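This report refers to the structure that appears directly beneath it.
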Amino acid sequence: MSDELSGIELTSTQRRVSHGISVTFPLKLKFNPSIARDPVKIGYVSTNYSMGYKADATFRLKNLTEEKVIETASSNLNCLKRILKWNVSNDILFFRISSNTVPFASHPMNTANWKEELRGLLKEVGSFIRDHYLRISMHPGQFTVINSEKREVVEASVRELEYHADLLDLMGVEGVIQIHVGSGSGGKERGLARFVRGFSLLPERIARRIAVENDDRIYTLRDCLVLNRELGIPVILDNLHHQVNSSGEGLSEAFSLARETWRGTPMTDYSSQEPGEEAGVHASTLDEDDFRRYVQEISRVGDADIMLEIRDKERSALKAVQVLRSMKVGKSRT
DNA sequence: CGCAGTCAAGGAGAG
DNA sequence: CTCTCCTTGACTGCG
């Protein structure tokens, strides 16, 4: 908020990016203060291995006490804050906050009043995020299935999504909650219909944060686009899932389709295939050549914030920042 | 990085 | 219906 340039629509196609270069994009961005500053942000998932503290610590259910929940969540949030600071000083401006931040947050056994007890800490982390224009996402685990055929699974999923929205609300940040379509039981048509029904159960404050991601087994980009038409929710393209499960669209076509579902800068998930493993296995470290090709492909279509789903997390994020710097796609920072 | 087994939670497929 | 496997990453107990 301190930067007077924040939120100003840049009419030129030259956009300054965070990595000391400018990239030419055919932009049609709308005014949006929280994301207007850095068109390309690199992100990674949940925690940082090299810093020596964890933002995704948890414990076994049998050890659950109210004190333990608060203690672990406080530690996670303090670590998150330090990680975000480290990220900013390394030009990494996108982050996926761990769903483990408050362990067992939506579990019926958890009676801790974490929303009250962590209010101050959450606000503090949120201020840092806003002050530095960080882009934030969250990704609930595989057990969050709002189109399940079992009522109790849908109900638990709604509670879990509620927790994610609470966390972001208490931080006071925009933040996307990305989920998969879920169960394909009875065929995709029925699965999509169940999704629409499940989604309608969500209150607005949760629903407005949801984005849907193509998966590697059942629901393709096309299926997600159907949900965008029905519900208006944005679509996150996962390039590796798309490689394994799609209707054959090339990367730039696929990205173009996904991009149209976003009002502002779209999020994408990026990974590459781990060599020698089964199709769909995420790389253990960034394949720089593959990543360079990826950026070239999608930047022909438009800007994006890129979440790296690569196992060595911040190490690959640093590499990705270097790759962007080394690319001859723009001018040096003025 | 020691390693193997275990862990709140679902789903798909086989039998 | 039950059972196994899929899949991810972290925890935990053991050597």
Side-chain angles (χ1 to χ4, degrees), chain A residues 44-66 68-69 71-73 75-76 79-80 83 95-112 114 137-164 177-195 198 212-220 223 238 240-241 244-245 269-274 277-285 307-316:
Chain A
Y44 62 97
V45 174
S46 287
T47 197
N48 178 310
Y49 286 148
S50 57
M51 292 177 69
Y53 34 76
K54 301 159 52 58
D56 59 354
T58 182
F59 47 83
R60 296 297 194 229
L61 180 61
K62 64 177 182 183
N63 298 328
L64 182 134
T65 60
E66 293 187 356
K68 186 109 178 151
V69 171
E71 186 185 304
T72 305
S75 162
N76 283 340
C79 291
L80 173 62
I83 288 169
F95 195 71
R96 182 184 292 170
I97 295 177
S98 170
S99 295
N100 263 348
T101 302
V102 181
F104 301 101
S106 72
H107 193 284
M109 299 250 300
N110 182 5
T111 53
W114 61 270
S137 69
M138 296 189 78
H139 193 0
Q142 61 176 148
F143 306 108
T144 301
V145 183
I146 68 169
N147 79 339
S148 173
E149 289 185 309
K150 299 176 195 159
R151 170 188 294 270
E152 61 275 19
V153 172
V154 176
E155 285 167 356
S157 299
V158 172
R159 284 197 300 276
E160 179 72 355
L161 290 172
E162 199 166 36
Y163 148 63
H164 284 75
I177 302 171
Q178 89 183 65
I179 58 176
H180 291 290
V181 182
S183 162
S185 183
K188 278 196 209 181
E189 289 299 318
R190 303 178 88 149
L192 289 169
R194 286 197 305 273
F195 187 97
V212 69
E213 175 198 351
N214 59 308
D215 68 68
D216 57 349
R217 300 184 51 80
I218 307 171
Y219 294 101
T220 62
D223 300 319
D238 182 310
L240 188 57
H241 293 168
V244 176
N245 181 34
D269 282 354
Y270 167 80
S271 191
S272 61
Q273 172 68 39
E274 173 74 1
E277 289 288 339
E278 257 183 277
V281 174
H282 291 184
S284 51
T285 191
M307 176 55 60
L308 305 179
E309 293 193 322
I310 313 264
R311 287 193 240 144
D312 66 358
K313 298 183 191 285
E314 80 283 354
R315 290 185 56 179
S316 283

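Throughout, protein chains are lettered first and strands after them, A, B, ... in sequence-line order, and every chain is numbered starting at 1. These figures come from a predicted structure and were not determined experimentally.
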Go through B/dG10, B/dA12, B/dA8 for me and flag the one nearest to the A/V145 side chain.
B/dG10
For DNA chain C, which nucleotides open and close the run of contacts to chain A, 5' to 3', at under 4.0 angstrom from a non-hydrogen atom?
C/dT7 to C/dT12
Considering all heavy atoms, the nearest A/R311-A/H282 contact:
NH2-O, 3.0 Å
Tell me the interatomic distance from A/Y163, atom OH, to B/dA8, atom C1', rounded to whole angstroms.
14 Å
What does A/I146 touch in the nucleic acid at a heavy-atom separation under 4.0 angstrom: a base, only the sugar-phosphate, or nothing?
nothing
Side-chain N or O of A/S106 less than 4.0 angstrom from OP1 or OP2 on B/dA9?
no
Using a heavy-atom cut-off of under 4.0 Å over every strand shown, decide if A/S185 touches base, sugar-phosphate, or nothing.
sugar-phosphate
At under 4.0 Å between heavy atoms, what does A/D56 touch on the DNA or RNA strands: base, sugar-phosphate, or nothing?
sugar-phosphate
With both distances under 3.5 Å as the test, what is the Watson-Crick or G-U wobble partner of B/dC1?
none
Would you kindly give the CD-to-P distance between A/E149 and B/dG13, to the nearest whole Å?
12 Å
Please report, rounded to the nearest Å, how far the P atom of B/dG10 is from the CG atom of A/N147.
14 Å
Could you give the distance separating B/dC1 and C/dC14 at their P atoms, to the nearest angstrom?
24 Å
Counting N and O atoms only, with roles assigned by atom type, does the side chain of A/N76 sit under 3.5 Å from a partner on the main chain of A/T101, one being a donor and the other an acceptor?
yes
Can you confirm if the aromatic rings of A/W114 and A/F104 lie within a centre distance of less than 6.0 Å?
no
A/S316 side chain to A/D312 backbone, donor-acceptor under 3.5 Å:
no
Atom CZ of A/F59 and atom P of B/dA8: how far apart are they, to the nearest Å?
11 Å
Heavy-atom side-chain proximity of A/V212 to A/V181 below 4.5 angstrom
yes
Who is the Watson-Crick or G-U wobble partner of C/dC3, with both distances under 3.5 Å?
B/dG13
Distance in angstrom units between A/E160 CD and B/dA8 C1', rounded
10 Å
Residues A/T58 and A/D56: side-chain donor-acceptor under 3.5 angstrom:
no
Residue-phosphate contact under 4.0 Å: A/S183 side-chain N/O, B/dA12 OP1/OP2:
yes
Taking any heavy-atom pair under 4.0 Å as a contact, classify A/G184: base, sugar-phosphate, or nothing.
sugar-phosphate
Protein-nucleotide distance (A/N110, atom CG; B/dA9, atom C1'), rounded to Å:
14 Å
If only side-chain N and O atoms count, and only distance matters, is there a donor-acceptor pair under 3.5 Å linking A/T144 with A/E160?
no
Within the 4.0 Å heavy-atom criterion, would you say A/N63 contacts the bases, only the backbone, or no part of the nucleic acid?
sugar-phosphate
Give a yes/no verdict on base stacking between B/dG10 and A/F143: centres under 5.5 Å, planes within less than 30° of parallel.
no
Considering residues, nucleotides and ligands other than A/E189, do more than 12 of their heavy atoms fall under 6.0 Å from its CD?
no
Across all strands, who's sitting opposite C/dA10 as a Watson-Crick or G-U wobble pair, both distances under 3.5 Å?
B/dT6
Specify the residue among A/K62 and A/T47 whose closest nucleotide of DNA chain C lies further upstream toward the 5′ end.
A/T47
C/dG15 and B/dT6, which share atom name P, separated by this distance in whole Å:
14 Å
Taking B/dG2 as the reference, what is the distance to C/dT8 when you measure between their P atoms (whole Å, please)?
24 Å
Need one value for A/S46: base, sugar-phosphate or nothing, where a base atom within 4.0 Å counts as base even if backbone is also close, heavy atoms only.
nothing
Is there a donor-acceptor contact under 3.5 Å from the side chain of A/E314 to the main chain of A/Y44?
no
Can you measure A/R190 atom CZ to B/dG11 atom P for me and round it to whole angstrom units?
16 Å
Grab the NE2-P distance between A/H107 and B/dA8 for me, whole Å please.
8 Å
